[in-house]
Amino acid sequence: MSALSRRKFLKFTGSAAAGVMGQALSSPVKAAMGPADKFDLVIKGGEVLDPSQSLRGKRDIGIRWGVVEAVEAEIPAARALKTIDAAGKLVTPGLIDLHCHVYPYGSAIGIPADELVQFQGTTTVVSAGDAGVNNLAALRRYIVAQSRARIYAFVHIANNGLSAFPVAELYNIDNAQMEACAMALAENPDFLIGVKVRMSENVIFKHGLEPLKRGIKACEMCGWPARMMVHIGGVETGELMSQILDLLRPGDVLTHAYSGAPNMSGVFTNIVQGGSLLPAALAAKQRGVIFDVGHGGGSFDFTVAEVAIPAGCRPDTISSDIHVFSGNSPGMPFLPNVMSKFMAMGFSLEDVVRMTTIAPAKIINRAPNIGTLQVGAPGDVAIMELVEGPVSFVDTRNNKRDGKAYLKPIQTVINGVPFGRPYQSPFAVK
């Protein structure tokens with residue numbers, strides 16, 4: 001019998017694992033409930049809002065064995081082993097954060113995903129390039145495997161991952177090894193979404209399009225349709241910003257899409273320049289590039305969004321870019337807060353819930369298994385309060401906008417189990 005090479009073994013086991021996991025998600029094992037059987041958990045009396053089913057109305061949700069078993073007008077209390085009273089509250093699928101940093105100890109800015117649950121209502125999060133090839137295995141084994149919240153990831157094109165201090169990861173372009181990155185993608189299709197690259201001048205120095213080109217090449221080499229997530233804000237020149245947009249493929253993610261951060265010379269080179277939307281930005285949007293908010297501590301500007309959105313560049317997803325520094329910034333980019341800011345800009349409650357549930361679920365290729373409350377889906381639920389009354393919001397450049405309501409997380413359920421204490425919002429109704 002011939003020896004099995006390590007690469008062939010990894011390919012075989014990785015494919016088998018992906019197949020089993022995919023089957024488990026898409027076809028959960030269920031047993032029919034008899035009239036005397038009880039739900040493990042019933043969430044009663046809440047206003048259920050599930051854009052994946054165009055559902056909004058008062059419903060009870062019954063969960064058994066970690067799976068949504070029933071969504072009904074009324075489930076008798078006697079049929080519940082445990083009950084959460086959600087009367088007067090908003091009940092949505094567990095929120096999905098497409099851009100956050102959840103690699104504690106492995107990156108300079110990571111925060112544990114499970115510590116975010118009570119603040120964000122997130123049941124699924126995506127690590128936005130925290131790890132590169134060199135430390136991806138540790139992220140998967142020591143962080144993802146021990147977290148109750150689901151974690152997926154974009155692997156960084158730089159082998160060393162996101163390493164802003166004291167020198168950014170792509171000042172030395174030799175860190176961007178596309179063959180190694182492609183190998184990581186090929187070996188982790190069940191976990192990775194694609195490749196992350198930060199294209200700000202203070203990260204890539206004078207390397208122009210080369211880091212992005214290497215990321216795209218890695219995606220194309222890996223054997224499956226991996227996406228790029230491209231961080232902008234403070235790009236070296238306006239011309240380079242347009243060239244970046246022109247390179248993005250349908251399905252690639254432009255994150256920090258509404259950044260107003262200047263480059264190292266103090267020049268504003270983002271998708272809005274001189275008060276107008278770049279033609280390349282509109283062209284990218286029209287061919288299917290995903291526009292992601294990625295608020296963070298320095299990457300969301302009301303004045304950019306207020307020009308770009310009416311001009312045709314609406315966000316596809318709302319994400320937090322939450323990490324140990326941004327969470328302490330004046331913009332407070334916890335996901336429900338960012339959702340609330342877009343409500344203040346005229347987006348409906350249905351819009352912001354869609355952009356944090358089924359929309360990111362599709363982008364990470366996990367729809368309709370998560371981001372939904374349909375029967376058979378994992379029992380991931382976010383319970384929030386829509387607090388009505390005057391409230392003021394601030395972006396990352398100290399621009400202020402007034403709103404009429406904000407979302408306050410109350411309780412999160414992951415796989416049918418209540419998790420995390422309720423979060424006390426910093427917003428106070430005037």
With distance as the sole test, does [X] use its side chain to make a donor-acceptor pair with the main-chain N or O of [Y] at under 3.5 Å?
X	Y	answer
N263	E236	yes
Q374	P368	yes
S127	V102	no
T396	F300	yes
N188	L185	no
K196	A128	yes
K404	A344	no
N175	E169	yes
S276	V272	no
S163	N160	no

So do [Y] and [X] actually touch side chain to side chain, heavy atoms under 4.5 Å?
X	Y	value
M343	L407	yes
L248	V230	yes
H295	N337	no
L373	Q53	yes
V235	I244	yes
I364	I370	yes
R401	S392	no
V126	I151	no

Kindly give the heavy-atom pair with the smallest separation between [X] and [Y], and that separation in Å.
X	Y	value
T357	P93	CG2-O, 3.8 Å
P262	R397	CD-NH1, 3.5 Å
G379	I63	CA-CD1, 4.0 Å
A218	A182	O-CB, 3.6 Å
G45	D60	N-OD1, 2.8 Å
P315	Y258	N-OH, 2.9 Å

Checking M229 against L98 for the side chain to side chain contact (heavy atoms under 4.5 Å, CB included) test, could you report, in this order, the C-alpha distance in whole Å, the side-chain angles of both residues, the deciding distance, and whether it holds? CA-CA 10 Å; M229 174 179 271; L98 187 64; 4.1 Å; yes
Given V91 and L49, is the side chain to side chain contact (heavy atoms under 4.5 Å, CB included) satisfied, shown in steps? CA-CA 6 Å; V91 178; L49 175 53; over 6 Å; no
What do the steps show when you test D316 against K285 for side chain to side chain contact (heavy atoms under 4.5 Å, CB included), and what is the final call? CA-CA 10 Å; D316 296 287; K285 178 70 172 177; 2.8 Å; yes
Atom [atom1] of [X] and atom [atom2] of [Y]: how far apart are they, to the nearest 0.5 Å?
X	Y	atom1	atom2	value
I358	T372	CD1	OG1	5.5 Å
E388	E385	CD	CD	9.5 Å
F419	T412	CZ	OG1	9.0 Å
M339	F347	CE	CZ	12.5 Å
M384	Q120	CE	CD	11.0 Å

Take the angle between the ring planes of H323 and H101 and call it parallel below 30°, perpendicular above 60°, tilted in between. perpendicular
Set of side chain to side chain donor-acceptor pair (under 3.5 Å) partners for E47, sequence neighbours left out: R56
Which residues share a side chain to side chain donor-acceptor pair (under 3.5 Å) with D301, sequence neighbours left out: T303, N399
Can you tell me if [X] and [Y] form a side-chain donor-acceptor pair at under 3.5 Å?
X	Y	result
D321	S326	no
S259	S299	no
D114	S147	no
H231	T255	no
D292	S319	yes
H156	D130	no
N415	R150	yes

Taking the cut-offs as 6.0 angstrom to the six-membered ring centre and 45 degrees off its axis, would you call R314 and F291 a cation-pi pair? no
Measure from NZ or CZ of R227 to the centre of the six-membered ring of F154 and say whether it is under 6.0 Å with the direction within 45° of the ring axis. no
Given E74, which of K58, R59, K44, R79 fulfils the salt bridge (charged side-chain N to carboxylate O under 4.0 Å, His left out) condition? K44
CA sep, side-chain torsions, deciding dist, call: T124, D97, side chain to side chain contact (heavy atoms under 4.5 Å, CB included): CA-CA 6 Å; T124 300; D97 194 345; over 6 Å; no
